[in-house]
Amino acid sequence: MPGKAVLSGVHFMNGDEAIAEGALAAGCRFFAAYPITPQSEIAERLAARLPRIGGVFIQMEDELAAMAAVVGAAWGGDKAMTATSGPGFSLMMENLGLAVMTETPCVVANVQRAGPSTGLPTAVGQGDMMQARWGSHGHYELIALCPYSPQEAFDLTVRAFALAERFRSPVLIMTDEVVGHMYEKVEIPAEVVEARRRTPQVPPEGFLPYKPDEDLVPPMACAGEGYRIHVTGLTHDERGYPDMSADAQDRLVRRLCEKIKRYPDEYTLWEEHSLEDADVAVISYGISARVALGAVELARKKGIKAGLLRLITTWPFPNEVVRSLAERVQGMVTVEINLGQMSREVERAVQGKVPLGGVYHAGGRIHRPEEVLAGIEEVI
Amino acid sequence: MPNIKTLAAREEKQARFAPGHSLCAGCAEPMVVRTILNAIEDPVVVANATGCLEVATSRYPGSSWNVPWIHSAFENVAATIAGVEAAYNALRRVGKVDRRIRFVAFAGDGGTYDIGLQSLSGALERGHDFLYVCLNNEAYMNTGVQRSSATPACASATTSPVGDAIPGKPQDRKDLTSIVAAHHVPYVAQASVANLIDLANKVERAMSYEGPKFINVHVTCPLGWRTKRDSAVPMAKLALETRYWPLYEVEEGRYKVNYKPKKDVPVEEWLKGQGRFRHLFKNPDLKSKIDDFQAAVDRNWDELLRKERWTQEDAPETP
């Protein structure tokens, strides 16, 4: 394995490997994980790569520990990441909430397989989309990105680290088994801008670890930098000390949500195909969006004016993008490998303005374009 | 004590573990599982953690399990069997069941040494009446040979690959059998696929006790160890001869070493048959790692003999 962090050039690699390379290029030097199919290629690549560039790979005893180690490493000053799949994602939920509450920048990749439980360990699913949004207890916001190719897996991992530092929040890469195991051309640019942490601009004496800047995000001091830090999952004040009042709780949770919700333009990514004159919009993400694109082409050949809205950012849900699309089309069809999760968000955004359809299945394979085409024909 | 004849007769009669599974050619696990199930006469309920055994014996559309069988998640087979056993006791108390039923949990080293340790410890401490069998093939073989805390030092695994930075796994293996023994449960043992009669005896002895029982069975994995397909028994035997994997049992706190090799066979003999240690023999800079490995084996063996002396008044002094 090469001993440099950014492997600039053209490669033939799978989505898992591209996520690993994206992390290294973004400046990630700490990766803790537990083996699970179909994520193991991320761990294996980083196990081989990180020690040679001065980074740390730790295989933990389970996913609870992996997520906890990532929180610890971020507070130790590293850019830290973990990766997993369904069952492991479930085990990470408590510590994911800890990362939200302690405003710990970190990246979590979930290479989705079909669940519930062990389900189909080696086959594709997109059933963790709502878990990504609401899986940990309490009310919170976070950002989730869905790549649909190995190239995008690389690009979005770099982006995820930047967003994690920008918002001091966990950022999820919600990919899937097919993208994870699919080999394609991946171009790594000559230079990649490393994610930067916002550090305190005041001397240690005046530093309050949870006093936000005007944009609601507090600068972050890490252990050993001379600043007093106090990290707790309890509801806390600006000093980081526990405050058990309902007021403090309301203030803190609102700020944690608002610091992300206020800036949709910074993270809301999507792509439109043939929507200019479309009567029907297909909405999809990840690997399903690739199939949907094929279905849109089939529909066009049959004279149906179909288009595709590909969600790249799924959380926070791009309400405005979907709502304004509803003004332009006569119907929408959501395509996903679950029995209807993001489609609920589409329904909320559209508020009955146009008829909605969905093409769902529970996992184990990707859709066939003909199935999606049938869904398009049903809605017009 | 069971012998080959009684085991074979029970296999005829009970056929608890059917062939046709998809464990790898040369895998040591089916022999061990069949021996364990045949060493028990009472009805058995099996819980199985995620792992090689579970995946390969319950493949669509069939199953190798001719006994009631429950697959848990990866981390909780001990908790699952604890629930089954507690429910059985509840039914027995109100007179709804009167037969003696035995509970056996199978898990690999990943599911026991790592992710399942907390669940195992809890079940041991609560004192459920069950036998826990760890099928220790020394890595996460089912997901592609990632290191576990049972993986020996210097073994190259896909998450501890040998290279400039590390000589294979930097850490030594965890002594899980001792951790279990520290729970002061009635019966704890180490066994091996290389001696199935010893294994059957241990199962029978374990089942003579009420409460938690634990057997850590060393099972060769030709795929992960990178050995020949017909090497399962000879490789495991070398692990006994080199004292890398001592056969011993702890019965109500008393240690007994079941096999003491007469000859000193260096652990190198076991290491060199395996591709996962090949770098130790190819790279002269890593030669000292073999000495370190031997030193660790010697230390563990001496410690084990001391434990035997301390706990068995009638045990002979070892030279």
Side-chain angles (χ1 to χ4, degrees), chain A residues 1-4 16-17 20 29 31-67 82-92 111 113-123 181 364, chain B residues 22 48-52 54-56 58-60 70-77 80 107-121 139-151 155-171 174 176 179 224:
Chain A
M1 282 283 144
K4 57 177 189 169
D16 278 355
E17 291 163 350
R29 292 294 177 271
F31 183 84
Y34 189 71
I36 187 166
T37 305
Q39 157 270 27
S40 297
E41 290 87 341
I42 302 177
E44 288 170 4
R45 184 149 184 122
L46 289 170
R49 292 272 279 128
L50 274 166
R52 297 206 59 198
I53 56 170
V56 175
F57 166 87
I58 312 184
Q59 185 178 308
M60 300 300 287
E61 70 273 19
D62 58 25
E63 287 90 349
L64 279 82
M67 189 65 221
T82 186
T84 189
S85 186
F89 198 53
S90 292
L91 292 184
M92 286 181 181
V111 189
R113 62 193 223 186
S117 190
T118 313
L120 300 172
T122 57
H181 284 161
Chain B
S22 60
N48 202 167
T50 300
C52 291
E54 169 267 324
V55 166
S58 63
R59 234 168 45 138
Y60 176 83
I70 180 168
H71 168 219
S72 65
F74 197 9
E75 68 277 18
N76 56 3
V77 70
T80 304
D109 49 295
T112 307
Y113 282 63
D114 293 339
I115 196 168
L117 183 60
Q118 176 172 322
S119 175
L120 172 62
S121 178
Y140 291 83
M141 303 310 186
N142 180 41
T143 49
V145 200
Q146 292 88 13
R147 59 85 96 191
S148 77
S149 59
T151 304
S156 190
T158 52
T159 51
S160 62
V162 62
D164 308 346
I166 54 164
K169 190 190 168 200
Q171 301 86 3
K174 183 190 278 181
L176 180 79
I179 294 172

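Each chain gets a letter, A, B and so on, in the order the sequences are listed, and its residues count up from 1. Everything numeric in this text was worked out from a predicted model, so none of it was measured.
Between the side chain of T82(A) and the main chain of A32(A), a donor-acceptor pair closer than 3.5 Å is present. For the pair T112(B) (side chain) and G108(B) (backbone), a donor-acceptor distance under 3.5 Å is present. Proximity of a side-chain donor or acceptor of S85(A) to a complementary backbone N or O of V111(A) within less than 3.5 Å is detected. The backbone N or O of S148(B) lies less than 3.5 Å from a partner atom in the side chain of K169(B), making a donor-acceptor pair.
Here the closest non-hydrogen pair linking G86(A) and R113(A) is N-CG, 4.4 Å. For the residue pair L46(A) and P51(A), the shortest heavy atom distance occurs at O-CD, 3.8 Å.
In this structure, chain A has no heavy atom under 4.5 Å from any part of Y113(B). Heavy-atom distances place no part of L64(A) under 4.5 Å from chain B, backbone and side chain included. For S117(A), no part lies under 4.5 angstrom from a heavy atom of chain B.
For residues 52-61 of chain A, heavy-atom neighbours of chain B at less than 4.5 Å comprise R52(A), F57(A), Q59(A), E61(A), sorted by residue number.
Interface remark: of the candidates V162(B), I166(B), T143(B), T143(B) forms the most heavy-atom pairs closer than 4.5 Å to chain A.
Considering T158(B), D114(B), T159(B) in turn, D114(B) is the only one that fulfils the side chain to side chain donor-acceptor pair (under 3.5 Å) rule with Y140(B).
Checked against side chain to side chain donor-acceptor pair (under 3.5 Å), E41(A) has the following partners two or more places apart in sequence or in another chain: H181(A).
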